[in-house]
Number of protein chains: 2
Amino acid sequence: MEGAITKKERDCIIALHDNFSLPVRLFNIAEMLDIKAPTAHELVNRLISKGILQKNNGVISLTDYGGKIYGDIITAHRTMEIIFTESGVNSDEACSEIEKIDYLMDKKSIEKLLVNIGSPEKCPHGKPVKP
Amino acid sequence: MEGAITKKERDCIIALHDNFSLPVRLFNIAEMLDIKAPTAHELVNRLISKGILQKNNGVISLTDYGGKIYGDIITAHRTMEIIFTESGVNSDEACSEIEKIDYLMDKKSIEKLLVNIGSPEKCPHGKPVKP
DNA sequence: TATATATTTTAGCATACTACTAATATTATG
DNA sequence: CATAATATTAGTAGTATGCTAAAATATATA
C-alpha cells in the first residue's frame, strides 16, 4: 500500500531521470511535461512530500526511494514491452500503451514474468530491463 | 480517445454484470461497491451520461455500448490472468493485480497477446476469455 | 387508505489531483 | 544596480471520489 502514484507523477519521475543529464530545475520539468510552472510546482511538491523527489538550490532530483520507484517502473515497462512485441505489437505502439499501466503493476509479478521470458537484459529498443 | 473510464467506474461495470442475476438497483450497487447511496448515485449518473449504463424504473443495467466495454475489460483481464499464471503468479494474486490495469489496456494489443498464447477459451478460473 | 419502511435524490461539504492566470518574490546576469 | 530569468503564492476551476443530513418518492403493511 506504501504510496500509490498517479500517471502525472509517473511521467515526472521518468522525465526527470531520462530527459536530462544536466541539473533539472522546475522550469525544465514544466517544459518536459508541457505544463505551466505553477502546475509543475505543485506536482514536484507533492512528489517531495511523498519522499520521491528532493530539491537542492533549485535543482530537483530523485531521492534514493524515488530512484527505486523509477527502476520498478522501468523494469515493468520494458518487461511488458518485450511481452507485447513478442506477440506482434509494434514497439512504439507497445511503448505508448504500456505507459498507461507500468506504474501500477506489481513488482513481484513483473519479476516472475521476466524470469518466464528468459530474463532478457534488454528491451526491444535495446535499453536495459534493469536500469 | 472515446472515453476513458476510472477504476471505480470499472468496478461498477464489473459488479453490475457479475454479482447479480436479479434486477440491480442503486442500493445494490452501493452495497456491492461498499459506498454510500449518494456516492453510488453520482457514480451511476456519471456512467449513464457516458452512455455505459441505463436506468428503467430504478433498475440499472448496461447499455449495448456498456456491454462492449464490459467484454473488453473481461477479455483483457482474463488474457493477462493467463499470462501471469503461466509465469507462476498465483491466480488470486494475479486477479487482484490485474484489476488495477485491465480497464486501461489496449484492445488491439490484448487481441495479439491472446493469439500469441494460443487463443485459449478459458482463464485459470475456468471462465471464458470472451464472455 | 394511512402510516411506516425502503429507496432515491438533493444539498452541502471535503479531499486529492490536475490545470490555469496574474501577481509577487527571489536569484542570476549583465 | 537594473534587467532578465526562475520560482512561488494566491486565486480559480473542473473531475473524481467520498461523506452526512435532509427531503422526496416509492413500496409495503397494518
Side-chain angles (χ1 to χ4, degrees), chain A residues 1-16 19-62 66 69 73 96 99-104, chain B residues 1-16 19-20 22-62 66 69-70 73 96 99-104:
Chain A
M1 303 278 140
E2 297 78 70
I5 62 167
T6 65
K7 177 61 160 53
K8 258 286 136 63
E9 287 168 356
R10 175 245 184 239
D11 291 344
C12 185
I13 293 166
I14 302 296
L16 187 57
N19 296 149
F20 262 84
S21 42
L22 301 169
V24 178
R25 309 192 61 101
L26 193 67
F27 79 95
N28 300 121
I29 289 178
E31 226 169 54
M32 295 186 291
L33 300 180
D34 195 29
I35 56 182
K36 302 296 173 188
T39 305
H41 188 254
E42 241 190 273
L43 176 59
V44 166
N45 279 355
R46 218 164 43 237
L47 285 165
I48 289 172
S49 78
K50 289 183 182 182
I52 292 170
L53 299 187
Q54 59 196 1
K55 210 190 302 190
N56 292 86
N57 287 66
V59 176
I60 298 159
S61 58
L62 289 169
I69 290 180
I73 295 170
S96 66
E99 277 176 6
K100 298 178 192 163
I101 59 169
D102 54 15
Y103 68 104
L104 296 169
Chain B
M1 305 280 141
E2 296 79 68
I5 62 168
T6 66
K7 178 61 161 55
K8 260 283 136 61
E9 287 169 355
R10 176 249 183 235
D11 290 344
C12 185
I13 293 165
I14 303 296
L16 188 56
N19 297 148
F20 262 83
L22 301 168
V24 178
R25 309 192 61 99
L26 193 68
F27 79 95
N28 300 122
I29 289 178
E31 227 169 53
M32 295 186 294
L33 300 179
D34 195 28
I35 56 182
K36 302 297 174 187
T39 305
H41 187 253
E42 239 189 275
L43 176 59
V44 166
N45 279 357
R46 219 166 40 240
L47 285 165
I48 289 173
S49 78
K50 288 184 183 183
I52 293 170
L53 299 187
Q54 58 196 1
K55 209 190 301 190
N56 292 89
N57 287 65
V59 175
I60 298 158
S61 59
L62 289 168
I69 290 180
Y70 169 81
I73 295 170
S96 67
E99 278 176 6
K100 298 178 191 163
I101 59 169
D102 53 15
Y103 69 103
L104 296 169

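Reminder, nothing fancy here: chain letters follow the sequence lines and each chain counts from 1.
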Practice item. List the steps, then state whether side chain to side chain contact (heavy atoms under 4.5 Å, CB included) holds for B:I73 with B:I5. Key: CA-CA 11 Å; B:I73 295 170; B:I5 62 168; 3.9 Å; yes
Check your understanding: Taking only N and O in the side chain of A:H41, is any of them less than 4.0 Å away from OP1 or OP2 of D:dA7?
Key ->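 Result: no.
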Practice item. Would you please confirm or rule out a distance under 4.0 Å between OP1 or OP2 of C:dT8 and any side-chain N or O of B:K55? Key: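 It does not, given that no N or O in the side chain of B:K55 lies less than 4.0 Å from OP1 or OP2 of C:dT8.
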Rounded off to whole Å, could you give me the [atom1]-to-[atom2] distance for the [X] and [N] pair?
X     : N      : atom1 : atom2 : result
A:L43 : C:dA19 : CG    : C1'   : 11 Å
A:N57 : C:dA28 : CG    : C1'   : 13 Å
A:N45 : C:dA16 : CG    : P     : 14 Å
A:K8  : C:dA19 : NZ    : C1'   : 9 Å
B:I35 : D:dA16 : CD1   : C1'   : 12 Å
B:E42 : C:dG12 : CD    : C1'   : 12 Å

Check your understanding: Going by number, which of residues 23-34 of chain A have a non-hydrogen atom under 4.0 Å from DNA chain C?
Key ->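 Result for residues 23-34 of chain A: none.
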Acceptor/donor pairs from residues 34-44 of chain B side chains to any protein atom, 3.5 angstrom cut, sequence neighbours excluded:
none

Review point. Sequence neighbours excluded, which residues qualify as side-chain hydrogen bond (donor to acceptor under 3.5 Å, both in side chains) partners of B:R10?
Key: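 Result, side-chain hydrogen bond (donor to acceptor under 3.5 Å, both in side chains) vs B:R10: B:D102.
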Check your understanding: For B:N28, which residues count as a side-chain hydrogen bond (donor to acceptor under 3.5 Å, both in side chains) partner, sequence neighbours excluded?
Key ->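 For B:N28, no residue satisfies side-chain hydrogen bond (donor to acceptor under 3.5 Å, both in side chains) once neighbours in sequence are set aside.
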Check your understanding: Quick one: ring pair (Phe, Tyr, Trp, His ring centres under 6.0 Å) partners of B:Y70, sequence neighbours excluded?
Key ->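 Testing B:Y70 for ring pair (Phe, Tyr, Trp, His ring centres under 6.0 Å), a comparison that skips the adjacent residues, returns B:H17.
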**Study point:** Side chain proximity check, B:L104 to A:L104, heavy atoms < 4.5 angstrom
**Key:**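 SC-SC contact between B:L104 and A:L104 confirmed.
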Check your understanding: Can you list the residues that meet the side-chain contact (heavy atoms from CB on, under 4.5 Å) rule with A:K100, with sequence neighbours excluded?
Key ->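 side-chain contact (heavy atoms from CB on, under 4.5 Å) list for A:K100, sorted by chain: A:E97.
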Review point. side-chain contact (heavy atoms from CB on, under 4.5 Å) with B:A15: which residues, sequence neighbours excluded?
Key: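 Expected list: B:N19, B:M32, B:L33.
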For residues 49-61 of chain A, which side-chain donor-acceptor pairs fall under 3.5 Å, sequence neighbours excluded?
{"unit_1": "A:S49", "atom_1": "OG", "unit_2": "A:R46", "atom_2": "O", "d": "2.9"}
{"unit_1": "A:K50", "atom_1": "NZ", "unit_2": "A:E9", "atom_2": "OE1", "d": "2.8"}
{"unit_1": "A:K50", "atom_1": "NZ", "unit_2": "A:E9", "atom_2": "OE2", "d": "3.0"}
{"unit_1": "A:Q54", "atom_1": "NE2", "unit_2": "A:S61", "atom_2": "OG", "d": "3.3"}
{"unit_1": "A:Q54", "atom_1": "NE2", "unit_2": "A:L62", "atom_2": "O", "d": "3.4"}

Under 3.5 Å, which N/O atoms of the protein pair with N/O atoms of nucleotides 21-24 of chain C?
none

